[in-house]
Asker: 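Provided herewith is a single structure, encoded as C-alpha cells, for subsequent inquiry.
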Amino acid sequence: MNKLSYISLALAMASLTSCERIFWEENLASNDPRENFEYLWNQVDRHYSYFDVKEIDWNEVKTRYSDSIADGMSEEELFRVLGNMMNELRDDHTNLVSPFNISMYEVALNYQPNYNERTIRDYYIPEMMHTGSLVHNFVGGDSIAYVRYSSFVSPVTNEDMDFVLQRYSNTKGLILDLRANGGGNMLNIPLIMERFVDERVLTGYNETRNGVGHDDFSEPEGFYYNTYDGIRYTKPVMVLVDRGSYSATTFFSLTTKALDNVTLVGDTTGGGGGLPNGGQLPNGWTYRFSVSRLLDLDKVNYAEQGVPPDIIASFDWNDLTKDEILERAMEELR
Amino acid sequence: MKMKSILIAFSLAAAVQMNGQAKEATIPLEVTRFFSSSLAVGPATFRDFATSPLFYKSTALSANIAWTKMKDRYERKWSLRTSIASAKPVLPELEFTGSKTSALFSSSDIAYQQLRPWPLFNKGKWSYYLGGVGISTLNFRTNQALGNSAVGIEAFFNVMAAGKVSYDLSHEKTGTRKFLWIKREMKPTTRALSLQFNIGLLNANYRQAYDYKGFPEVNGAKLNPFNLVLNSSAWAVNGTRFSSELEFRRYQAGGNAVSWSYVWDALSAPGREHLFQMSAHRIQLTLHFNRKK
C-alpha cells in the first residue's frame with residue numbers, strides 16, 4: 001500500500017464519518033397544500049392560549065376547513081383557506097405571512113373608533129411639542145397636561161420622560177392618550193409606568209401554554225412595576241383608551257387597575273393580552289399566534305376580550321368640534 | 001473584502017512557513033507546547049423544529065485558537081472557536097417565492113481534549129490514540145421573520161469519546177520525484193496525516209422549552225433581555241453529537257507547523273419539546289506556533 005492509497009483511505013473514512021444524514025430526519029420542506037394545512041393546524045392546536053376563553057372548537061374548525069384543501073390548488077387559494085382558518089381565533093396577534101399577502105383579523109373594525117386627531121389639534125391644542133415619541137402640551141389652561149403616545153413600537157427614553165414630567169410637574173393631573181395605540185414593544189410599558197408609582201407594586205400575571213392540553217399552562221408569573229429613581233408623577237393620571245388600544249396597550253391598561261392614581265377613561269380596549277410566538281410552515285410562509293394569557297390581580301383571564309374602562313365615554317362623530325372622552329378626563333382632573 | 005484580505009494574508013503566512021525550512025524538522029516527542037490559530041470556511045446547516053421544519057443553510061466563517069501540550073505523543077488541548085453565517089431556508093418549489101427570510105447564525109465553543117497513545121496497535125508509521133473531549137457550544141440566532149420568536153439562544157454540553165489515527169508521511173532523504181511530466185526536488189520533511197473521530201457519550205442541552213419567547217416580550221418586567229429568552233429555556237439530557245477532523249500537518253525546522261484540515265461537526269438535540277439539529281463542514285488552515293520554554 002503506497003502513500004497515495006493511505007491518503008485515499010483516510011479521505012474515504014473522513015467522508016464516511018461526515019454524513020449527518022445518517023441520524024437526521026428527512027428534509028420536510030413541502031409545497032403540498034395538505035401538509036402545510038396539517039402543520040399549521042397542529043401548531044395552533046399545541047400552542048394557542050385562548051381556546052377556552054373564546055369557546056373555539058378547534059377540531060370542528062379542522063373538519064370544516066379540511067374540505068377546502070385540494071391537490072393542485074394555487075398558493076393564493078391555499079393562503080385564503082389557511083388565513084381564514086387562523087381568523088377563526090378572532091385574535092389580532094394571529095397572522096399568516098406569505099410573499100404576496102398577510103392575513104389579519106382587525107378586531108378594531110368591529111367597533112366604532114373613538115379618536116380623531118384633528119379634533120384635538122383644531123379645538124384643544126393647536127400647537128404640540130414633540131419630545132421623542134411623546135406629543136404633548138397643556139390642555140384647557142395650564143393645570144392639566146396632555147400627552148399623546150401613539151404606538152408602543154416607538155421607543156420611550158428616560159430623557160424624554162424626564163423632560164415631559166418636569167414640564168408638567170405643577171399641573172393638577174395628566175392625561176395620557178393611548179387611543180388607537182395598537183401596541184408594540186412591551187419593554188416600553190414599565191418605562192412609563194414606573195414614573196407613576198411610589199413603591200414596587202404587583203399589577204397582574206402572565207401564564208404561558210406549556211403542554212398539549214388546551215388548558216395546560218405554566219404557573220402565573222407576577223408582573224411588577226418598580227419605582228423610578230428620579231423624576232416621578234404621582235398626581236392623578238387619566239389614561240384614554242378605546243378598541244384600537246391593543247396588545248401592549250391592553251397590557252398597560254390592565255395594570256392600571258392596580259394603581260389608585262391611574263384611571264382608565266373611554267371604551268373597552270381591543271384585547272390582545274396574549275404574547276404571540278412566530279413560526280414557519282413547510283412552504284416557507286411564516287405565522288404567529290398567542291401562546292400566553294394575561295391575568296388580572298385576582299388571576300382572572302378577561303383581558304383578551306378587552307379591559308373595561310373605569311369611566312365610560314365615547315366620541316360623538318356627529319360633532320367633530322368636541323372630544324367627549326378628553327372632556328370627561330379633564331372634568332375628572334378639574 | 002476585509003475577510004478576503006485576512007484569508008489572503010493568512011495563506012501567505014502559511015506559504016512562507018511551509019517554504020522556510022533550513023534544516024530537517026522532526027515530529028516533537030519531548031514536551032512541546034503549541035499555540036495554534038486557525039481560519040476556516042465551509043457550509044453550515046441548522047434546523048430548529050420549535051420555529052420551522054426547514055433547514056437553514058449558509059457558508060460560515062470560523063476562527064479558532066488553541067493551546068496544545070504534547071509530551072511523548074500524549075496530547076492535551078484547549079480550544080476556542082467562533083463562527084458566523086447568514087443562513088437561508090431551503091424552500092420547496094413555489095409559485096411566489098418573494099425574498100427569502102434570512103437568519104443570522106453565530107456559534108461559539110470551548111473545548112478541552114486529552115489523547116493518550118495506544119501503543120498496542122502502533123505499527124510502523126501508524127500511531128493510534130484514545131481519549132476524550134469535553135465541549136460546550138453556545139448558539140445565538142436571529143431571524144426577524146419569526147416575530148417574537150426572532151431570537152434563539154441555545155447551549156450544548158457534550159462529553160465525547162475520541163479516537164485518532166495518525167500516519168507519518170515524513171521522508172528523511174533528499175531526492176527527486178516525478179509525477180507524470182512534473183519533476184520535483186524532495187527535501188527532508190516531517191509531515192503527518194491524521195484522522196480523529198469523536199462520538200458523544202453524555203449529551204446535554206439548555207434550550208427553548210415548550211414556548212418560544214424572544215426579546216420583545218416580557219414576563220414580570222424583567223428588563224434583562226437575556227432573562228427574557230432564557231426564562232423559557234430548560235435543561236435536557238438527550239441527543240447525539242459526532243465530529244471528525246482529517247488533518248495534514250507539516251512541521252517546520254523551528255518547530256512550528258502548518259496544517260490543512262477538513263472538520264465536520266454535527267449534533268442533534270431533542271431538548272424537552274422540539275428537536276434542534278446543526279452541522280458544519282469546514283476547510284481549515286492552521287498555524288501552529290511552537291512555544292519554546
Asker: Return the minimal non-hydrogen interatomic distance between A:Asn31 and B:Glu93, and the atom names on each side.
Answerer: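 Reported closest heavy-atom pair: ND2-O, 2.6 Å.
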
Asker: Examine whether an atom of A:Ser74 lies under 4.5 Å from a heavy atom of chain B, and if so say whether it belongs to the side chain, the backbone or both; otherwise answer neither.
Answerer: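 When you check distances to chain B, atoms from both the backbone and side chain of A:Ser74 fall under 4.5 Å.
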
Asker: Measure across A:Gly284 and B:Leu91 and return the closest heavy-atom pair with its distance rounded to 0.1 Å.
Answerer: CA-CD2, 3.4 Å

Asker: Could you tell me which portion of B:Ser194 (side chain, backbone, both or neither) has an atom closer than 4.5 angstrom to a non-hydrogen atom of chain A?
Answerer: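 Neither part.
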
Asker: Which bit of A:Thr286 comes within less than 4.5 Å of chain B, counting heavy atoms only: side chain, backbone, both or neither?
Answerer: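 For A:Thr286, side-chain heavy atoms alone lie under 4.5 Å from chain B.
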
Asker: Side chain, backbone, both or neither: which part of A:Glu26 has a non-hydrogen atom closer than 4.5 Å to chain B?
Answerer: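 The backbone, not the side chain.
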
Asker: Between A:Pro282 and B:Pro92, what is the shortest heavy-atom contact and its length?
Answerer: O-CD, 3.5 Å

Asker: Got a second to check how far A:Gln43's CD is from B:Thr51's OG1, nearest 0.5 Å?
Answerer: 9.5 Å

Asker: I'd like to know if the side chain of A:Gln280 and the backbone of B:Leu54 have a donor-acceptor N/O pair within less than 3.5 Å.
Answerer: no

Asker: Locate the shortest heavy-atom distance separating B:Phe49 from A:Leu28; write the atom from each residue and the value.
Answerer: CE2-CD1, 3.3 Å

Asker: Quick check: closest heavy atoms across A:Tyr39 and B:Pro53, and the distance to 0.1 Å?
Answerer: OH-CD, 3.4 Å

Asker: Above 12 or not: heavy atoms from other molecules or residues under 6.0 Å from CD of B:Glu95?
Answerer: yes

Asker: Non-hydrogen atoms of chain A under 4.5 Å away: do they reach the side chain of B:Leu267, the backbone, both or neither?
Answerer: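 Contact with chain A: backbone only.
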
Asker: Measure A:Leu202 against the heavy atoms of chain B and call it side chain, backbone, both or neither at under 4.5 Å.
Answerer: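 Interface part for A:Leu202: neither.
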
